[in-house]
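Structure first, then comments.
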Amino acid sequence: MKIAVWGDELAAWVAAAQLAAFGNDVCVSLSHADTAVASIRPGQSSVQAEPGLMGLLETAIAQGNLSTALAHESLDASVYWLAMAPDEEEQAIALVRRLAQRTDAPLLLINQSNFGIGASDKLQALLNQRAGQNVICLPDTLQQGSALSQFGRPQSLLVGCEDEAGLALLKALLRPFVGGVQSLQMMTRREAEFTKFAITGMLALRLGYINELANLADLLSVDIEVVREGMGSDERIGRHYLAPGCGFGGQHFTQYIEGLAGLFSEKRRSTLLDTVLTENQRQMELPFRKLWQHFECDLQGKTVALWGLAFKPGVASIDNAPALRTIDALLAQGAQVRLHDPEALPEVRERYGNNARLQYCADKYDAAQGADALLLLTEWPEYWSPDFVRLAQALRTRVIVDGRNIYDPALLRAQGFDYYGIGRL
């Protein structure tokens with residue numbers, strides 16, 4: 001099939017790479033003038049850092065299955081894959097309007113963009129549905145760090161479709177990928193958009209709730225880890241998204257929550273998710289506050305090591321990451337900061353530049369060398385079982401603030417560390 005992919009989101013590039021790998025003729029629409037095939041450079045670092053993605057794109061280019069064009073030039077396909085940023089809705093509408101003026105031939109437009117509830121219906125209204133021009137909403141459920149495998153082997157799919165011919169074409173397009181799908185949920189376009197918002201909101205509520213419980217546990221001298229295990233054993237609750245920590249981040253996750261919070265406020269005058277977002281910002285500051293209190297509100301001249309800067313393990317993105325608020329607070333207090341992350345250092349350097357009080361360390365123990373405290377903010381696998389003897393020798397004072405509750409408090413305290421977790425005894 002001839003497919004035009006519109007957008008620079010992770011979902012757009014993953015779709016382009018996977019669809020091209022199975023013989024489709026894929027053209028990625030770019031907004032800039034340099035459209036040479038060899039110049040394909042996704043604009044988002046999250047795309048460039050996605051495991052395996054750039055290699056798959058390069059293979060598709062070499063095989064001739066992937067090309068690029070300006071967005072207004074890629075209007076001659078039979079399938080259009082729309083994965084644009086939330087603030088690009090007007091651009092998407094203009095492209096679809098131009099597409100409608102150009103042809104009356106049947107076509108399929110698959111919308112993965114987060115333009116809000118009702119956006120897919122708005123796009124459908126611009127096309128001639130009686131002529132077989134159909135819009136399907138396929139909510140973007142990909143997660144950074146595992147996007148390729150999730151697209152290639154999805155466990156479930158939400159499909160907002162109101163036309164049998166459009167659905168048949170979608171199934172043909174996705175046939176190489178959906179053999180293992182355990183759940184295929186069919187619904188209207190509007191319902192699919194709302195379901196994606198509802199899922200994200202529920203996850204945010206669970207994270208917000210367990211963080212609130214952890215903060216309360218701190219005040220009640222209760223170990224939240226024991227409580228969490230007890231809660232998770234109840235089959236009505238389970239353990240998914242029930243780990244307290246220093247807040248959630250990520251651009252898309254936060255955007256969906258903000259969008260749903262706005263709908264709650266507008267339609268229901270509800271502040272439920274606004275509260276979750278506000279408290280999450282406070283939660284991001286918790287490791288810094290614990291450190292600040294340990295040093296009796298004086299961090300001037302202290303050296304602090306940070307392990308983990310990305311908003312979650314497995315990605316290079318620092319979008320809305322808790323580490324950013326911690327770095328800003330430490331710099332404001334006059335501290336020296338030594339940073340380590342397996343993937344995110346380039347993004348952090350791009351944000352902060354060569355600040356004299358920031359040191360970018362390639363080795364985690366180098367980051368801890370001479371530091372007055374260590375703050376762990378992202379639970380990368382390499383941080384779970386460090387050499388604590390070596391770490392104790394590297395640190396000037398043995399203070400650890402564990403923002404993800406990955407360490408055993410009793411073990412660390414037995415080795416002479418001052419340990420602070422989130423709701424841990």
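All values derive from a computational prediction rather than experimental measurement.
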**Prompt:** Which pairs pass salt bridge (Lys or Arg N to Asp or Glu O under 4.0 Å) with one or both residues in residues 77-90, sequence neighbours excluded?
**Reply:** Glu89-Lys122
**Item:** Approximate separation, where rounding is to 0.5 Å, of Leu173 CG and Ile136 CD1
**Value:** 9.5 Å
**Message:** Less than 3.5 Å apart, any donor N or O on the side chain of Asp341 or Trp307 sitting next to an acceptor on the other?
**Reply:** no
**Prompt:** Are any of the side-chain heavy atoms of Val276 and Leu207 separated by less than 4.5 Å?
**Reply:** no
**Request:** Sequence neighbours left out, what passes side-chain hydrogen bond (donor to acceptor under 3.5 Å, both in side chains) with Tyr360? Give chain and number order.
**Result:** none
**Item:** CG on Leu345 to CZ on Arg349, rounded to 0.5 Å
**Value:** 7.5 Å
**Message:** Before you tell me yes or no, could you show the steps for Lys196 and Asp140 under salt bridge (Lys or Arg N to Asp or Glu O under 4.0 Å), namely the whole-Å CA-CA distance, both residues' side-chain angles and the distance that decides it to 0.1 Å?
**Reply:** CA-CA 8 Å; Lys196 170 59 181 178; Asp140 176 13; over 6 Å; no
**Residue pairs passing the ring-ring contact (aromatic ring centres under 6.0 Å, His included) test where at least one lies in residues 98-120, sequence neighbours excluded** = none
For residues 223-230, tabulate all N or O donor-acceptor pairs below 3.5 Å that involve a side-chain atom, not counting sequence neighbours.
unit_1 : atom_1 : unit_2 : atom_2 : d
Asp223 : OD1    : Glu225 : N      : 2.9
Asp223 : OD1    : Arg424 : NE     : 2.8
Glu225 : OE1    : Arg228 : NE     : 3.3
Glu225 : OE2    : Arg228 : NH2    : 2.9
Glu229 : OE1    : Arg239 : NH2    : 3.4

**Results of salt bridge (charged side-chain N to carboxylate O under 4.0 Å, His left out) for Lys312 - residues two or more places apart only** = none
**Item:** Value rounded to 0.5 Å, distance of CG in Leu309 from CD in Glu343
**Value:** 11.5 Å
**Request:** Any pair with a residue in residues 146-179 that passes ring-ring contact (aromatic ring centres under 6.0 Å, His included), sequence neighbours left out, goes on the list, sorted by first then second residue, please.
**Result:** Phe22-Phe177, Trp81-Phe151, Phe151-Phe177
**Asked** For the atom pair CZ (Arg190) and CD (Gln124), what is the distance rounded to the nearest 0.5 Å?
**Response** 13.0 Å
**Asked** Who are the ring-ring contact (aromatic ring centres under 6.0 Å, His included) partners of Phe311, not counting sequence neighbours?
**Response** none
**Prompt:** Roughly how far, to the nearest 0.5 Å, is OG of Ser120 from CZ of Arg189?
**Reply:** 7.0 Å
**Request:** For Arg282 and Glu279, run salt bridge (Lys or Arg N to Asp or Glu O under 4.0 Å): C-alpha distance rounded to whole Å, both residues' side-chain angles, the deciding distance at 0.1 Å, then the answer.
**Result:** CA-CA 5 Å; Arg282 288 172 53 84; Glu279 291 303 316; 3.6 Å; yes
**Item:** Contacts of Asn24 that satisfy side-chain hydrogen bond (donor to acceptor under 3.5 Å, both in side chains) - sequence neighbours left out
**Value:** none
**Message:** I'd like to check the ring-ring contact (aromatic ring centres under 6.0 Å, His included) partners of Phe417; sequence neighbours left out, ordered by chain and number.
**Reply:** none
**Asked** Can you name the side-chain hydrogen bond (donor to acceptor under 3.5 Å, both in side chains) partners of Thr195, sequence neighbours left out?
**Response** none
**Fill in**
Interatomic distance, SG@Cys246 vs CD@Gln283, rounded to 0.5 Å, equals 8.0 Å
**Asked** Do Leu376 and Ile400 come within less than 4.5 Å of each other through their side chains, counting heavy atoms only?
**Response** no
**Complete:** The side-chain hydrogen bond (donor to acceptor under 3.5 Å, both in side chains) partners of Asp402 (sequence neighbours excluded) come to Tyr419
**Request:** Could you check whether the rings of Tyr241 and Phe253 sit parallel, tilted or perpendicular, using 30° and 60° as the cut-offs?
**Result:** tilted
**Prompt:** Quick one: side-chain contact (heavy atoms from CB on, under 4.5 Å) partners of Asp372, sequence neighbours excluded?
**Reply:** Phe295, Lys302, Thr303, Arg396, Thr397
**Request:** Answer with yes or no whether the side chains of Arg357 and Gln336 bring together a donor and an acceptor at under 3.5 Å.
**Result:** no
